[in-house]
Amino acid sequence: MKKATKTAALVLAMAMAVSALTACGGGADQAANTAGTETANADAGQAVATKTEGVLTFGTNAEFPPFEFVAGSGVIDQYDGIDMAIAKQIAEDNGMTAAIENMEFDALLIALENGQIDAVIAGMTVDEERKESADFSTSYYTATQVMIVKEDSDIASAADMADKKICVVQGYTGEICVKDMGYSYEAFKKGTEAVMELVNGKCDVVVIDSATAQKYVDDNEGLKIVEDASAFENEEYAIAVKKGNTEMLNMINKSIEAMLADGTVSALGAQYTEAVTE
Ligand code: ARG
């Protein structure tokens, strides 16, 4: 009995020592009185150069609810959504403030290459072509393309789009999918424009990312979502940084991974898909 108690106490002490070590990695509290101080500072990402000192500038295209949209008051200036909350947290984790540059989706990776922005957060799907011009973080969200149709539509699968008028958004993965399927389509600059075309009966189907599609269906009468998992693969959203900027990538990954592990990302997902209905 006694021996068992001693062993248990020892195990507990060891466990506490381990957790104290782990706590040093993330918390500022215990770092000061140990040799870990320098490491802690480096971990805080203070060495990572940004376009403007103390500011982490993210490029986005705020036409993509629930990830980024313009609101009366958002988490970063007028910008609100899951991505905006993530961006803000990444900056705060590293003792910086987050700034947003809102631009066309197609312009984001060019702005990154030019150094106009430090990173792109835009519900951007990682794909092979984009990987040639940027480096991507750990992914934080899995989506898929879906079809938005009128409630009485006979479209039940991707193949049913063959003789229909298809609308997509220019430069989105939805456009790439429809192009790869060999269908003709019309491309719009904004999701809302494509959806209006559908609402007005000028097109039969809009192909766009799942969570955004759900938002449009919630906001407009008479629409429904049709899924086709055999035609549309899963897509992973990630943050893009300039090719070769490993310091920036490591800094972002550290925050993203912490937010994935502690449930922040899924809580934001729930918050912006449920609570933000007008
Ligand atoms: N996930 C799609 C893509 O990467 C659409 C992203 C659109 N994002 C936006 N912020 N407008 O192509």
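One-based numbering, in listed order, for ligands and for the atoms of each. Along the sequence shown, the residues carry numbers beginning at 1.
At a heavy-atom distance under 4.0 Å, atoms from both the backbone and the side chain of Tyr172 approach ligand 1. In Asp209, the part holding a heavy atom less than 4.0 Å from any atom of ligand 1 is the side chain. If you look at Met103 next to ligand 1, there are no close heavy atoms at all, none under 4.0 Å. At a heavy-atom distance under 4.0 Å, only side-chain atoms of Tyr237, from C-beta outward, approach ligand 1.
The distance from ligand 1 to the heavy atoms of Met124 drops below 4.0 Å at these ligand atoms: 4 (O). Those atoms of ligand 1 that come under 4.0 Å of a heavy atom in Glu68, given as number and element, are 9 (C), 10 (N).
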Legend entry - side chain to side chain contact (heavy atoms under 4.5 Å, CB included) between Asp204 and Lys150, worked out: CA-CA 7 Å; Asp204 302 309; Lys150 284 262 179 83; over 6 Å; no
Inset, instruction - Go through the steps to decide whether Val146 and Val207 satisfy the test side chain to side chain contact (heavy atoms under 4.5 Å, CB included), and finish with yes or no. - result: CA-CA 6 Å; Val146 298; Val207 177; over 6 Å; no
Legend entry - Worked verdict on Asn220 versus Met196 for side chain to side chain contact (heavy atoms under 4.5 Å, CB included): CA-CA 9 Å; Asn220 294 278; Met196 274 311 115; 3.4 Å; yes
Inset, instruction - Determine, step by step, whether Thr50 and Val55 satisfy the side chain to side chain contact (heavy atoms under 4.5 Å, CB included) criterion, reporting the C-alpha distance in whole Å, the side-chain angles of both residues, the deciding distance to 0.1 Å, and the verdict. - result: CA-CA 7 Å; Thr50 54; Val55 179; 5.5 Å; no
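Below 3.5 Å of separation, one finds an N or O of Asn61 facing an N or O of ligand 1. For ligand 1, the polar-atom distance check finds an N/O of Thr125 within less than 3.5 Å of one of the ligand's N/O atoms.
For Glu175, the closest heavy-atom approach to ligand 1 does not fall below 4.0 Å.
Distances from atom 3 (C) of ligand 1 to the heavy atoms of Ile121, Val169, Thr60, Thr173 show the closest one on Thr173. In the candidate list Gly123, Gly81, Gly174, Gly123 is nearest to atom 6 (C) of ligand 1, counting heavy atoms.
The number of heavy-atom neighbours closer than 6.0 Å to CD of Gln78, taken from other residues, nucleotides and ligands shown, is above 12.
Of all protein heavy atoms, the one lying nearest to atom 8 (N) of ligand 1 is Ala122 O, 2.7 Å.
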Atom pairs and distances, donor-acceptor, side-chain atoms in residues 111-120, under 3.5 Å, two or more places apart:
residue: Asn114; atom: ND2; partner: Ile110; partner atom: O; Å: 3.4
residue: Gln116; atom: NE2; partner: Glu101; partner atom: OE1; Å: 3.1
residue: Asp118; atom: OD1; partner: Lys51; partner atom: N; Å: 2.8
residue: Asp118; atom: OD2; partner: Thr57; partner atom: N; Å: 2.8

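One finds no salt bridge joining Lys164 and Asp160 here, because no Lys/Arg side-chain nitrogen approaches an Asp/Glu carboxylate oxygen to under 4.0 Å.
Under the ring pair (Phe, Tyr, Trp, His ring centres under 6.0 Å) rule, Phe67 has a single partner from Tyr140, Tyr237, Tyr79, which is Tyr237.
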